[in-house]
Amino acid sequence: MAPPAQSQRSQSPSQPSGKGEVSDLKVQLRQLAGSRAPGTDDSKRELFKKVISYMTVGIDVSSLFSEMVMCSATSDIVLKKMCYLYVGNYAKGNPDLALLTINFLQKDCRDEDPMIRGLALRSLCSLRVENLVEYLVGPLGSGLQDHNSYVRMVAAIGVLKLYHISSSSCIDADFPSALKALMLNDPDAQVVANCLSALQEIWSLEASTSEEASREREALLSKPVIYYFLNRIKDFSEWAQCLVLDLVGKYVPSDSSEIFDIMNLLEDRLQHANGAVVLATIKVFLHLTLSMTDVHQQVYERIKAPLLTLVSSGSQELSYAVLSHLHLLVMRAPILFSSDYKHFYCQYNEPSYVKKLKLEMLTAVANESNTYEIVTELCEYVANIDVSIARESIHAVGKIALQQYDVNAIVDRLLQFLEMEKDYVTAETLVLVKDLLRKYPQWSHDCIAVVGNISSKNVQEPKAKAALIWMLGEYSLDMSDAPYILESLVENWEDEHSAEVRLHLLTAVLKCFLRRPPETQKALGAALAAGLADSHQDVHDRALFYYRLLQYNVSVAERVVNPPKQAVSVFADTQSSEIKDRIFDEFNSLSVLYQKPSYMFTDKEHRGPFEFSEELGSLSVGESAENVISAQRVDANDNDLLLSTSEKEENRAPSNNGSAYSAPVYDGSISLPASQSSLAIDVLLGLGLPPAPAPALVPLPPPIKLNPKSALDPTTFQRKWGQLSLSLTQECSINPQGAAALMTPPALIRHMQGHSIHCIASGGQTPNFKFFFFAQKAEESAGFFLVECIINTSSSKAQIKIKADDQSTSQAFSALFQSALSKFGML
Amino acid sequence: MGEADQETLYATICREVMLEKQLTGHKVDRSICAWFWEQSISQGEFVKLPPVIASPTHYLFQIVREGITFLACTQVEMPPLMGIEFLSRVADVLSDYLGGLNEDLIKDNFVIVYELLDEMIDNGFPLTTELNILREMIAPPNFVNKVLSVVTGNTSNVSNTLPGATASCVPWRTADLKHASNEVYVDLVEEIDAIISRDGALVKCDVYGEVQVNSSLSGLPDLTLSFANPSVLNDARFHPCVRFRPWESHQILSFVPPDGQFKLMTYRIKKLKNTPIYVKPQLSSDAGTCRITVLVGIRNDPGKTIDSLMVHFQLPPCVTSADLTSNHGTVNILANKTCSWSIGRIPKDKAPSMSGTLVLEAGLERLHTFPTFKVDFKIMGVALSGLQIDKLDIKNLPNRPYKGFRALTQAGEYEVRS
């Protein structure tokens, strides 16, 4: 006997321990092979068990092949089974050795015990060695005609196995027509089912090359064949029933009475204990009635109860699969489950994959009648220990709010989330509040009041931070602190890793600047400078664009960045309805679970490594917050901006004038550069700040008296701050006690008021505070002094900028201001 | 379908592959298991992977039973429930055959497991999964068999005949069964799932039930089972042996039973307005400690004793230590912050209560996440839904069999929020 291939052994270097034991086994098997002593079978069984267990744990025992075959001459059926198992596992890798087994397998195929005949035939067909095909055809032919159904059942599947090894020998032996005859005449349902299963596969593979096969495949869907199966459906095993139901699902009935006949016949399948049968039946019902609207609706009603029972009473794995299908149905008919929403309440112990689907269901079935209960329930989950479920729950509340008309109570609840002071709850809620504001601007007052209290330091997640920044920009008029918060964010530009946040920051600062120029001027300068130096291409481009836009014309910038917005009516769904329809065609398939049409994951070209995670990733990149259908005007902000940047770049090179870019809408309406542009952009950027006048050159001014009741409205202040040039800049140190007192900025404001210096705006967070003060000389209609005072508590520095209507008195005012500050303990 | 459904079956536990069965020609490399374990570990200990996941090369079905993962791979589109239901069936059959599911049992009996899988699936298409029939093809490795093999010297655990049912018109039953004592037992087993809010309101309450039958009857008996009040049922699913028409027209269960234990019917109850017991947790926290009290009592006397009452809950992560005592039963606090208070029966003279204090993490004034209390109980002798068996008629049987009826209600997912 040829020695077994030694090279096979080295394939399992990870388990070197098996090597010595394998050669021991070999010796022992050899000793037993020829023995006829009583008890040999028992010892063989122990050895075989060892061999199989090595095989199972992955140790390569193929070197024992010839010994195993030698030992296989036995009447013990368990030994035979183990031997078949072993042979089946290693024959493909050792075609030469497999030849050894043919003899005893063929002999077993003629055994008088039908079980041995069947098992031997199954093993013979499972060898899968091409050069042994000639030995297969004979036993298969007689197996198909065996008087025992067990052997016929094995033979039917055997034909399919033969087809996969060598399709030509299978076709040449005319096995398909033998299978067809069996399928239509055999008394045993399992034989029929196996024939059907084999034929479906053979014919659909053959159909591309053989006309006959494609005709036969069509014939499977003919009325007599379908009715033949339908009438016997109760004889089939549950799995075969799934097969038949799948076939029936492809059948097109000729008229509606036929449809009702089929549905009547299959109705009890909806109450089968096996969920696979139930779902296959539902698929048939849905397909049959697709064109009959009324009946289709009744079908929905009929399938509701069985589906809900499957969800709640089955295993968690089953729940998951059924919930995926329910989700699909509810997209088609949202009203269907609106009164059964309690079935989708999450239980504490459920795995999160079930909880997630249940949350999606709750979102989908919410309507006017049940919103209150559903949102109440969702709020319970926000305190869930499982952070991802808590997040999804907040998300669900927001989604419901976006699809409902009466959002009053929901907004209150969302705002309560912000008060829970958990980082992830705050983050998730901020994103939602932003979306809500875009749809329901009327709630801005309530929301902004709460959002204003959130310290941007507590918000770290990029999405949430971006949302907060968007709100700061958009509602900068309502949030008194907005410019200062933005300014401190700009100061930390270097530490901000997310490009999305930096992009939003640029836009927000510009928006804020256009509304409150004097307060934001510095922040804008810093933001544009930082943006221009940014290594991220998008950030750089946007900064450059804003800069040139402002240079070109501020009112145009205003129209670009702060266009009148209309509320978003419908947010774009991430999944198109076309894809949903496709998935619906594939009801009861894996695509429902992946929520993608099957071609996207079964086709080779779509199947890259980890493509799912990649696709999901790309969805969230970039301006996903701007996924808006009807409100392109809102989007225009950001998306068109980028377009117009490139437009400008192109226009610069005359040769590129004919480029494919279509002009952005704004271009048509841009007027010639307006003269009112009173701001020197370079000042903005802090590039050419006029040097502070040297105090020493100015003669000591006489002391001045201030008007304690002077008044100035913010708009005038802004205008003045913009118009006046800087008359004095001073930097001074402050003492730490004074800095500590600044923990409560209002104290300073009250103190200064006592000195007739009024605060008009203040803001910032430790360590940076910024105050704008104004004061007026005591004489009638005298000029104003405007002060910007920046205090950094950590470096104990204060920077004071003074502008005055009457430049000559600014030095005196400065002295007054500093003395007032010092009385507060600052200097 | 019709194509190679499942290509490979694995049963694995703790990263170790215990069993592998290749079903079609395209052999699946075992590295898929390594991939799977990497995934499940990367997801963290408490997050379970969904039952169907996509690997770079295959689509994997997985179910977990008793800590053992059953894994199947496919490369083609197929009905997902077929995969999941089949794996569940494999787990059920193995557990029935081996008298449980654990690593040792499977390793000791892996030859039988292979034999079973051989009969349950061929070339990726499920064949025989009916326990009664499998039992006739492959004898279970029970004690009686071992004794027999010693006595008779016949060591094969394969019956020499093929099951008669493969030829009979009732696929779930052998043609000529003989029992010395003819008896049939019918059990109503109900499970109550409920969510109760912190103010004691019933947020959700569902009752699921099963009619379990254990039949040892000779010949081909024909049974009819009827309920006194079938109107309480909302939806029902049946064993394949149940004839549909009599149920549809008169709500009568008419069937030829398989031999042995089986689930005749599972059902869902329309609505339950009240729960048998109340559990009232009260938590008040202040200055870094939380005072907790849980009261338990009978709300709606079901008429039978409430037994095996147990309340367990997970302490929130921010709790550093807990001191809990009860006036009845025992309280245990495990290292993973799971508390369980086992009460047993509710005493007649007093209402059981548990109280104590939880110490919160430094810097935390008040408790923000509140525990959910899970409650377990059993009520023997009553089906809480009120469903009652009216009568059981048996035809086609020479002598009068013994008929036994029982009922049991137990808590399923019964949780109280705080």
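Letters A, B, ... mirror the listed sequences (proteins, then strands); counts begin at 1.
- When all heavy atoms are compared, the tightest approach of A:C346 to B:R417 is O-NH2, 4.2 Å.
- Between B:P240 and A:H272 there is a side-chain heavy-atom pair separated by less than 4.5 Å.
- Taking the side chain as every heavy atom from C-beta outward, A:K234 and B:R243 never approach each other to under 4.5 Å.
- Among B:Q62, B:H239, B:R198, the residue making the largest number of heavy-atom pairs under 4.5 Å with chain A is B:R198.
- The shortest non-hydrogen separation linking B:F125 to A:S197 is CG-OG, 4.3 Å.
- Contacts with chain B were tallied for A:H343, A:K356, A:E373; A:H343 has the most, counting heavy-atom pairs under 4.5 Å.
- What you find for A:A321 and B:I84 is that their closest heavy atoms are CB-CD1, 3.7 Å.
- Annotation for A:N349 and B:E415: closest pair N-OE1, 4.5 Å, computed over non-hydrogen atoms.
- Put simply, of B:T266, B:L127, B:D206, the one with the most heavy-atom pairs under 4.5 Å next to chain A is B:L127.
- In this structure, chain A has a heavy atom under 4.5 Å from the backbone of B:A194, while its side chain stays farther away.
- No side-chain heavy atom of B:P79 sits under 4.5 Å from any side-chain heavy atom of A:D246.
- Taking chain A as the reference chain and counting heavy-atom pairs below 4.5 Å, the highest number among B:E85, B:K204, B:K263 is found for B:E85.
- Taking A:Y84 as the reference, A:D108 meet the side-chain hydrogen bond (donor to acceptor under 3.5 Å, both in side chains) condition, with sequence neighbours excluded.
- Interface residue B:I195: only side-chain heavy atoms are found under 4.5 Å from chain A.
- Between A:L243 and B:M82 there is no side-chain heavy-atom pair separated by less than 4.5 Å.
- For B:Y208, the part sitting under 4.5 Å from any heavy atom of chain A is the side chain, from C-beta outward, and nothing else.
- Put simply, of A:N274, A:I52, A:L318, A:L308, the one with the most heavy-atom pairs under 4.5 Å next to chain B is A:N274.
- By the 4.5 Å heavy-atom criterion applied to side chains, A:Q347 and B:K374 are not counted as neighbours.
- Per-residue counts of heavy-atom pairs under 4.5 Å with chain B were compared for A:E380, A:K342, A:E377, A:Q190; the largest is that of A:E380.
- No side-chain heavy atom of B:Y267 sits less than 4.5 Å from a side-chain heavy atom of A:T309.
- Shown here is A:K49, whose NZ atom has no more than 12 heavy atoms of other residues, nucleotides or ligands within 6.0 Å.
- The shortest heavy-atom contact between A:H325 and B:P80 is CE1-CG, 3.8 Å.
- Annotation for B:R65 and A:S315: closest pair NH2-CB, 3.4 Å, computed over non-hydrogen atoms.
- Side-chain contact between A:Y348 and B:Q314 is present, with heavy atoms from C-beta onward closer than 4.5 Å.
- Your options are A:E267, A:Q316, A:M82, A:R122, and the one with the most heavy-atom pairs under 4.5 Å with chain B is A:R122.
- In this structure a side-chain-to-backbone donor-acceptor pair under 3.5 Å is present from A:Q271 to B:A236.
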Report task. In sequence, state the C-alpha distance, the side-chain angles, and the governing distance for B:E119 and A:L119, and then conclude on side-chain contact (heavy atoms from CB on, under 4.5 Å). Result -> CA-CA 10 Å; B:E119 297 303 333; A:L119 288 170; 4.0 Å; yes

Query raised in the report: Would B:F70 and A:E317 satisfy side-chain contact (heavy atoms from CB on, under 4.5 Å), going step by step from the backbone distance to the final call?
Result: CA-CA 12 Å; B:F70 294 83; A:E317 290 92 357; over 6 Å; no

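- Within the model, atoms CG of B:D122 and OG of A:S126 stand 6.5 Å from one another, a figure rounded to the nearest 0.5 Å.
- For the set A:I165, A:L310, A:V382, the entry with the most heavy-atom pairs within less than 4.5 Å of chain B is A:L310.
- Here the two rings, on B:F86 and A:W239, have centers that are under 6.0 Å apart.
- Using a 4.5 Å heavy-atom cutoff, the side chains of A:E238 and B:P126 are not in contact.
- Within the model, atoms CD of B:E130 and OG of A:S237 stand 9.5 Å from one another, a figure rounded to the nearest 0.5 Å.
- Residues passing the salt bridge (charged side-chain N to carboxylate O under 4.0 Å, His left out) test with B:E191: none are found, sequence neighbours excluded.
- Neither the backbone nor the side chain of A:T376 comes within contact range of chain B, judged by heavy atoms closer than 4.5 Å.
- Neither the backbone nor the side chain of B:E210 has a heavy atom closer than 4.5 Å to any heavy atom of chain A.
- Between chain A and the options B:V64, B:D193, B:V242, B:V203, the largest number of non-hydrogen pairs under 4.5 Å is found for B:V203.
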